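As the structure is a computational prediction, the values presented were derived from the model and not from experiment. Letters A, B, ... are given to chains in the order of the sequence lines, protein chains preceding strands, and every chain is numbered from 1.
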Number of protein chains: 2
Amino acid sequence: MNDDRWEAPRVLLAVDLVILTLRDSRLHVLLVQRGIEPFLGAWALPGGFLGHEQEDILAAARRELREEASLSAVPHLEQLGVYGEPGRDPRGRVITVAHLAIAPRLPEPTAGTDAAAAGWTPVDQILSGNVTLAFDHLRIVRDGVERARSKLESSALGTAFCTEVFTISELQQVYEAVWGTPLDPRNFYRKVQSIPGFLLEDGPPRRTGNGRPAKTYRSGPRHDLYPPMVRSADGPADRGAE
Amino acid sequence: MNDDRWEAPRVLLAVDLVILTLRDSRLHVLLVQRGIEPFLGAWALPGGFLGHEQEDILAAARRELREEASLSAVPHLEQLGVYGEPGRDPRGRVITVAHLAIAPRLPEPTAGTDAAAAGWTPVDQILSGNVTLAFDHLRIVRDGVERARSKLESSALGTAFCTEVFTISELQQVYEAVWGTPLDPRNFYRKVQSIPGFLLEDGPPRRTGNGRPAKTYRSGPRHDLYPPMVRSADGPADRGAE
DNA sequence: GCAATAGTGTCTGTCAGACAATATGCC
DNA sequence: GGCATATTGTCTGACAGACACTATTGC
């Protein structure tokens, strides 16, 4: 750190949330319509400033999660990164710590204190540029989705999109929605079964809607998957070069 | 964001650097011995407060890299994460943005303005707890090393440890040192060759020390490796569960 | 029976790991 | 030649992707 006699600048610290969920087999993110300046009326990620000087950052994120998504039991929450370009906020130097939250299908949110409206928006709508976001929130959403995609490969994060008890085909729908790729149900079935500690069989081995009832599972103790799930590697072409 | 009339708290913003390099085939990290309170005399990561209110975070990290490691050409620098538990610094609420820097063998550093001493320390000395670090810097080093290990798999980061022109066995030493695993030279040779865009052949196909001269290469245009390098998967046992 | 979904078995190409064999330098 | 390192070739087991087939439900 630096010299003590020199006065270091202070900055405003915010947290923002990329809350992802699945609705009718598509990946959605929670957005709020801003009710205050700046960017009044624009869509933005839910978030807010640190509540008080001693509040923990993760605790602030959880608080916003409760306040803006009325969600008590937090399934998964992790730090995504810091976004703090000077000039990103006209109110002064604001540094925001973005967080990624994964949740099973949540109820339709209601507008909060600073938001004129709130709602689930399909992620592809945002990534394709059809919805414009305030601040640098487009980039944050992009980073959050990419993080979710890659964490699906190496961790049991996919189960966080599901209810506590789920079937393998439900889990498959999660992977298909987040990765945006169709998967072979039979190979998927074999794959997830072969990863030790990923899934635990649940009591009554039946349930479901139309055909043969499926066994039910719950998330196993292993959070880091080994061997990992791998994306089909179909497009080795368009992967980032340079 | 929140209500405008309410006064949001301000925090001190710092950057810290995990600068990794290879010295005699072992992974080292740059540490400085603190010359000021708090933790006077303790070893810590190089870093410092934001220079002025409008300084970009990455620019601040680059500045510290220059100042504390006397390094002009920055080979690789990326954000590692935010560390900001309340109480981690007695001077007040300090949020630090940790960065990961990878460099080829650097000269022995000299003590900077706030540092009584500076030096390269073997990473395993730190991870095994033989060296005690100030603040939460042990955790930051741990996260930085883990990030470097996993990025070696999916990106061309390994070449950032090498000089501009290098041989394949030199690159192999990088992988072995960072991963802490011996690798078969023949399979390694085939593997890196088979990844398109990873390596470019350099002009004079000769050089080296004792046996047959090796072809020389430089880093190719591809930064994301596909297919990825994979760690031998030897220990599926001790991977993190629960 | 038929439709629909769940779950199993088998084949095949690819690839990582083991390791033999060859090439090219220095002494 | 002898040693050391670089580079190529071959074999083998594991595994992902394709896909035929069986099982169990509702109608």
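Separating the CD atom of B/Glu170 from the C1' atom of D/dT5 is a distance of 13 Å, rounded to the nearest angstrom. Distance NZ (A/Lys215) to P (D/dT24): 11 Å, rounded to an integer number of Å. For the pair B/Gln193 CD and D/dA6 P, the computed distance is 13 Å after rounding to whole Å. As a whole-Å value, the separation of B/Phe166 CZ from D/dA6 P is 14 Å. For the pair B/Gln173 CD and D/dT5 C1', the computed distance is 12 Å after rounding to whole Å. Taking atom OH of A/Tyr189 as the reference point, atom P of D/dG17 lies 19 Å away to the nearest angstrom. The nearest whole Å value for the distance from the CD atom in B/Gln172 to the P atom in C/dG17 is 12 Å. Rounded to whole Å, atom P of C/dA6 lies 15 Å from atom CG of A/Leu199.
B/Trp179 pairs by the ring pair (Phe, Tyr, Trp, His ring centres under 6.0 Å) definition with B/Tyr175, not counting sequence neighbours. For the side chain to side chain contact (heavy atoms under 4.5 Å, CB included) test, residues two or more places apart in sequence or in another chain that qualify with A/Ala44 are A/Arg34, A/Ala134, A/His137. In terms of the salt bridge (Lys or Arg N to Asp or Glu O under 4.0 Å) criterion, residue partners of B/Arg186 (sequence neighbours excluded) are, by chain and number, B/Asp184. Shown here are the salt bridge (Lys or Arg N to Asp or Glu O under 4.0 Å) partners of B/Asp136, two or more places apart in sequence or in another chain: B/Arg88.
Looking at A/Arg147, its side chain does come within 3.5 Å of a backbone N or O of A/Leu80 through a donor-acceptor pair.
Phosphate contact (OP1/OP2 of C/dA6, side-chain N/O of A/Ser169, threshold under 4.0 Å): present. Contact check, B/Lys191 against C/dC15: no side-chain N or O comes under 4.0 Å of OP1 or OP2.
Side-chain contact of A/Glu170 with A/Tyr217: a donor-acceptor pair under 3.5 Å is absent, judged by distance alone.
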What's touching nucleotides 18-23 of chain C from the protein side, N or O pairs under 3.5 Å?
unit_1: C/dA18; atom_1: N7; unit_2: B/Asn187; atom_2: OD1; d: 3.4
unit_1: C/dA18; atom_1: N7; unit_2: B/Asn187; atom_2: ND2; d: 3.0
unit_1: C/dA18; atom_1: N6; unit_2: B/Asn187; atom_2: OD1; d: 3.3
unit_1: C/dA18; atom_1: N6; unit_2: B/Arg190; atom_2: NH2; d: 3.2
unit_1: C/dA20; atom_1: N7; unit_2: B/Arg186; atom_2: NH1; d: 3.1
unit_1: C/dA20; atom_1: N6; unit_2: B/Arg186; atom_2: NH1; d: 3.2
unit_1: C/dA23; atom_1: N3; unit_2: B/Arg212; atom_2: NH1; d: 3.0

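At the heavy-atom level, A/Ser194 lies nowhere under 4.0 Å from the strands shown.
Residue pairs that meet the salt bridge (charged side-chain N to carboxylate O under 4.0 Å, His left out) test with at least one member in residues 189-199 of chain B, sequence neighbours left out, do not exist here.
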